[in-house]
Amino acid sequence: MISRAQRGFTLIELVVVITILGILAAFALPKFITLDSTARTATINGLAGSVRSAASLARGLSMATQNASVVSMEGASVTLVNNYPDSSATGISAAVNTTTSGTDFNITPGGASGTTTWTKVGAVSAGNCEVTYTPPSVAGNTPAIVVTTSGC
């Protein structure tokens, strides 16, 4: 005869535990599904802050050194237009230190006066999960930095 101390769980106890775990999973699963989208959005917003900071630092260096064409930031020469980094590979990309595409972003430099675009790798809609930088077209204006997160 088996004593009560050696018995396992009854079928009813197992069904109750599985039901409780199912209910908990039903509430937790939607949170985990949107976690990757939230992370991509946060990454894009962080990059936008880096782009803003790099542009401001380059402008400050330009004004401090009285050099409106090129400044040195962390050993990299950054080309400028209207005291802000231009959109070439040696402009804002060098200031942000993202000169090559990688595992996080695909970078499309826009030339001296075009628009540089950083697109998040792995986004649901790549064109709608990006940061764009357009240098000022006239002196005294600030660059246009646009963040799009609708497709992250």
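Scope of the values below: all heavy atoms of this structure, side chains included, with no hydrogens, waters or symmetry mates.
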Group every Ile, Leu, Val, Met, Phe, Trp and Tyr by side-chain heavy-atom contacts under 4.5 Å, then state whether V81 and Y133 land in the same group. no

Which of these, D86, T116, V51, sits in a side chain to side chain contact (heavy atoms under 4.5 Å, CB included) with S93? T116

So, taking the atom named CG in L57 and the one named OG in S50, what distance separates them when rounded to the nearest 0.5 Å?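 So the CG of L57 and the OG of S50 are separated by 10.5 Å.
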
Starting at CG of L47, measure out to CZ of R52 and round the result to the nearest 0.5 Å.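 It comes to 10.0 Å.
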
Residues [X] and [Y]: side-chain donor-acceptor under 3.5 angstrom:
X    : Y    : result
T43  : N45  : no
S77  : S72  : no
T115 : T134 : yes

Kindly give the cluster partners of L21, where membership spreads through any ILVMFWY side chain lying under 4.5 Å from a current member.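 Its cluster mates, by chain and number, are V17.
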
What closest approach, in Å, do [X] and [Y] show between heavy atoms, and which atom pair accounts for it?
X    : Y    : answer
A54  : I92  : CB-CD1, 4.3 Å
A58  : M73  : CB-SD, 3.7 Å
T119 : T117 : OG1-CG2, 3.7 Å
I44  : K120 : CD1-CB, 3.8 Å
P85  : G91  : CB-C, 3.8 Å
S62  : A68  : OG-CA, 3.7 Å

Side-chain donor or acceptor of [X] paired with backbone N/O of [Y] under 3.5 Å:
X   : Y    : result
N83 : R59  : no
T19 : V15  : yes
N82 : Y84  : no
S87 : G110 : no

Show, in sequence, the C-alpha distance, side-chain angles and deciding distance for W118 and E130, and conclude whether the side-chain contact (heavy atoms from CB on, under 4.5 Å) test is met. CA-CA 5 Å; W118 291 266; E130 64 185 14; 5.9 Å; no

Should we say atom CD of E13 is surrounded by more than 12 heavy atoms from elsewhere, each under 6.0 Å from it?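 Yes, the 6.0 Å shell around CD holds more than 12 heavy atoms from other groups.
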
If you count heavy atoms of other groups shown closer than 6.0 angstrom to CG of L24, is the number above 12?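 Check passes, neighbour count above 12.
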
Do any side-chain atoms of residues 141-148 form donor-acceptor pairs under 3.5 angstrom with protein atoms, and if so which ones, sequence neighbours left out?
none

Determine whether T10 and L14 satisfy the following criterion, side-chain contact (heavy atoms from CB on, under 4.5 Å), listing intermediate values before the conclusion. CA-CA 6 Å; T10 64; L14 289 174; over 6 Å; no

Worked verdict on V78 versus L80 for side-chain contact (heavy atoms from CB on, under 4.5 Å): CA-CA 6 Å; V78 177; L80 305 173; 4.3 Å; yes

